[in-house]
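The block underneath contains the structure these notes are about, expressed in structure tokens.
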Amino acid sequence: MPTLTLYDAVGAALTEEMRRDSSVIAFGEGIATKRRELVDEFGGLRVRNTPLAEGIIAGTAVGAAATGLRPVVDLLFAPFLCYAMDELVNSAGKLRYMSGGQFSFPLVTLAMTGAGWGVGAQHNHNVEAWFVHSPGLKVVMPSTPADAKALLKSAIRDDNPVLFFLDIGLLYQPGEVPADEQTLPLGRATVLRNGQDVTLVSYGKTVQHCQQAAETLAGQGIAAEVIDLRSLKPLDEAAILTSVGKTGRLVVVHEANRLCGIGAEIAALVAEQAFSSLKAPIVRLGGPDAPIAASYPLEQASVPQAATIAAAAARLCAAQPA
Amino acid sequence: MKPSHPASDPRQLLEQMLLIRAYEESIVSGSAAGKMPGTCTSVGQEAAAVGVVNALAADDLILTNHRSAGHLLARGADPGRLLAEVMGRRDGYCKGRSGSLHISAKELGVVLTSTIVGAELSMAPGVALSQTMLGRPGIVVCFFGDGAACEGSFHESLNLAALWNLPILYVCENNQWQAFVHRREAMSREHVADWAAAYSIPARTVEGNDVFAVLAAAQAAAAEVRDSRRPYLLETCTYRTRGHLEPDDQGYVDQAELAAWLARDPIAACRNRLLANGSLTPAQAAALADRVSTRIAVAQAFAEASPFPAAEELCRDVYA
Ligand SMILES: Cc1ncc(C[n+]2csc(CCOP(=O)(O)OP(=O)(O)O)c2C)c(N)n1
Ligand SMILES: [Mg+2]
């Protein structure tokens, strides 16, 4: 199986989808420079650099998507989405509903986020929950190059606007990517490790931290199940509930602010629908309610690490139900 | 329903303006009677809408905003379905989910209507990109207000349209008001058209209450966009003679300014001109007025008879 970084897996997905469908176009602040091979193959009309104006990039994608094209836009770093909020939230997310279903918006917005480069809070802010909270949008955040490629291909084929977040810390990690044109449905989580004692649910780079924690826990005789959500909306509720139904213990882990993060939604879901399976309180591990510092140790401290996850899970397993 | 053919007879322009006025007045009285919500009416601006829309071809696409009744009716929209939409009924163009502020009618080529001031400007380049890349002949017409011209999206839109050679006819309806703020308080220039030069976009202003002047200017502008496949900006200078959103006592309006514009009423001007040059007889004028009031009465009955959407509609059409 070929080995690709997540960055190159995104490129591979773009190439395959642009070959497959001539209505797929890509534009953004430097995409035609940094992904030169796309320009070489598909030409400067389908792959364009844009002015530094996130609002009009997103708005143009919305207008194009509603009238026959399938744009993919690269908005670089997730905090810059603030300039494109109106177009994504008020136009892409709402105008299908508000028009009585007259339009659909097959568009993908790429944005990088997360710890790893020490770029500070205006380049690193995990804002994915904002978009989960906005109707009409889908939200995807893969943790491996293979998933990134297969999910991006599905996102491009999807008739809804998809926010596709790329974890900076994972961007240049290599991983095996099937050479064939695989796609993965949006909204399907994957169980990376089976276990019956505790469920670790995560997405993005903290999936690896959960896997490391599961190794540690195995050494202590605790079998942790690890779930990678991959997509935050649609959310694979069944995968979470099935696992918690089996283990009775849940640790939700993400890098984004814990306050009103995806973890809160998952905790509520489990409390509402699987309360009787729970043998211990639900634990949420997430980033602080603080802008993310550039300084390496502070940046790393904002991300739940494997040792913290293992300790939290071990405590849950030690607490015996009455 | 398809877009109506551009009017070839000047009496049709008058009839469209009368229809728009009567439609808006039916909403004013309907909302005063508590039968429907208040709207942003286009009273006083009928010529600006009718002149431009009648310069367009059937395959052109239109983006508009909260003050859209004139554009929709001139394009051939059914006033019954519009009123049903205003009243939140199932037979509205948007199944009652839009209300008056963001009515799209894809079948008429009126797409992506938004009440976010400036959103039509942000989406227009994408619509024009589709027209260009998919080889469609139609141009894109983007109606927006003088207030929207003060949003960043106006400037970003013009820059991109000029840069990417997008066939967009930008039509600024400068009605002197941006909700409760006079445009003099908000604009660094006298005219929105002045800003187009910064992006090398040709522009002109036209007397927006003269339907024939607007029609001629819009025909020339549309032809230029069609030939050059590049943007053009037309500013129609007009006045919002009613409030921003009904009901509105207009207590903040300079009465002398309002009176001056009321004296330039676009419908009276058109009717007088047609009567004076013999293209319209008083009997024909009366017949036009009758036809329009019958149409509005029928439309109102249709809208009132239309059911509200069922509860199952609440979450339908969120996702494709
Ligand atoms: C982004 C945004 N800001 C403010 C409003 C509230 N608002 C609705 S219409 C309007 C005035 C817009 O003025 P203009 O663009 O000149 O259009 P007009 O109403 O005069 O036709 C305002 C302030 C809004 N809908 N959207
Ligand atoms: Mg105005």
Side-chain angles (χ1 to χ4, degrees), chain A residues 22-23 25 27 43 45-46 48-71 73 83-107 134-138 158-161 186-187 233-234, chain B residues 61 63 85 90 92-99 101-107 110-134 136 140 142 151-161 163-164 166 309 313-320:
Chain A
S22 62
S23 68
I25 60 171
F27 52 95
L45 291 179
R46 288 181 68 193
R48 302 173 184 228
N49 282 339
T50 62
L52 286 173
E54 294 74 13
I56 201 67
I57 296 171
T60 299
V62 174
T67 50
L69 295 173
R70 304 185 86 85
V73 293
Y83 266 147
M85 255 356 229
D86 174 57
E87 291 74 9
L88 295 172
V89 173
N90 284 321
S91 297
K94 296 180 186 170
L95 287 179
R96 173 178 179 75
Y97 183 83
M98 294 173 70
S99 67
Q102 294 182 65
F103 309 104
S104 57
F105 298 93
L107 78 96
S134 300
L137 307 177
K138 294 187 176 182
D158 200 285
D159 282 335
N160 297 284
L186 306 185
K233 190 160 74 173
Chain B
L61 295 177
L63 289 96
E85 189 59 47
R90 209 165 66 192
Y93 275 99
C94 306
K95 304 181 188 165
R97 299 223 195 86
S98 160
L101 293 175
H102 2 61
I103 303 179
S104 295
K106 195 176 176 183
E107 66 207 74
V110 180
V111 300
L112 300 174
T113 309
S114 171
T115 193
I116 297 291
V117 171
E120 69 284 54
L121 288 155
S122 77
M123 294 184 282
V127 177
L129 192 63
S130 288
Q131 297 297 83
T132 301
M133 293 193 66
L134 299 173
R136 299 185 191 133
V140 174
C142 179
E151 293 276 1
S153 59
F154 167 77
H155 301 271
E156 294 185 14
S157 184
L158 264 64
N159 184 44
L160 194 70
L163 202 60
W164 285 5
L166 298 174
E313 287 279 304
L314 183 65
C315 293
R316 203 166 283 163
D317 295 326
V318 180
Y319 297 94

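Convention: sequence-line order gives letters A, B, ...; per-chain numbering from 1.
For Glu313(B), the salt bridge (Lys or Arg N to Asp or Glu O under 4.0 Å) partners at least two apart in sequence or on another chain are Arg97(B), Arg316(B). Legend: residues meeting side-chain hydrogen bond (donor to acceptor under 3.5 Å, both in side chains) with Glu54(A), ordered by chain and number and at least two apart, are absent.
A side-chain donor-acceptor contact under 3.5 Å links Thr67(A) and Ser130(B).
Proximity to chain A involves both the backbone and the side chain of Leu129(B), based on heavy atoms less than 4.5 angstrom apart. For Ile25(A), the part lying under 4.5 angstrom from a heavy atom of chain B is the side chain only. Only the side chain of Arg48(A) comes within less than 4.5 Å of a heavy atom of chain B; its backbone N, CA, C and O stay farther away. Only the side chain of Leu163(B) comes within contact range of chain A, with heavy atoms under 4.5 Å apart. Only the side chain of Leu95(A) comes within contact range of chain B, with heavy atoms under 4.5 Å apart. For Thr132(B), no part lies under 4.5 angstrom from a heavy atom of chain A.
For OH of Tyr83(A), the number of neighbouring non-hydrogen atoms (other residues, nucleotides, ligands) closer than 6.0 Å is 12 at most.
When Gly99(B), Ser98(B), Ser122(B) are compared by the number of non-hydrogen pairs under 4.5 Å with chain A, Ser122(B) comes out ahead. Heavy-atom pairs under 4.5 Å with chain A were tallied for Ser114(B), Gly96(B), Ser157(B); the largest tally goes to Ser157(B). In terms of heavy-atom pairs under 4.5 angstrom with chain A, the leader among Thr113(B), Ile103(B), Leu134(B), Leu63(B) is Leu134(B).
Listed for the Tyr97(A) side chain is a donor-acceptor partner under 3.5 Å among the backbone atoms of Leu314(B). Under a 3.5 Å cut-off, the side chain of Gln102(A) and the backbone N or O of Ser104(B) do form a donor-acceptor pair.
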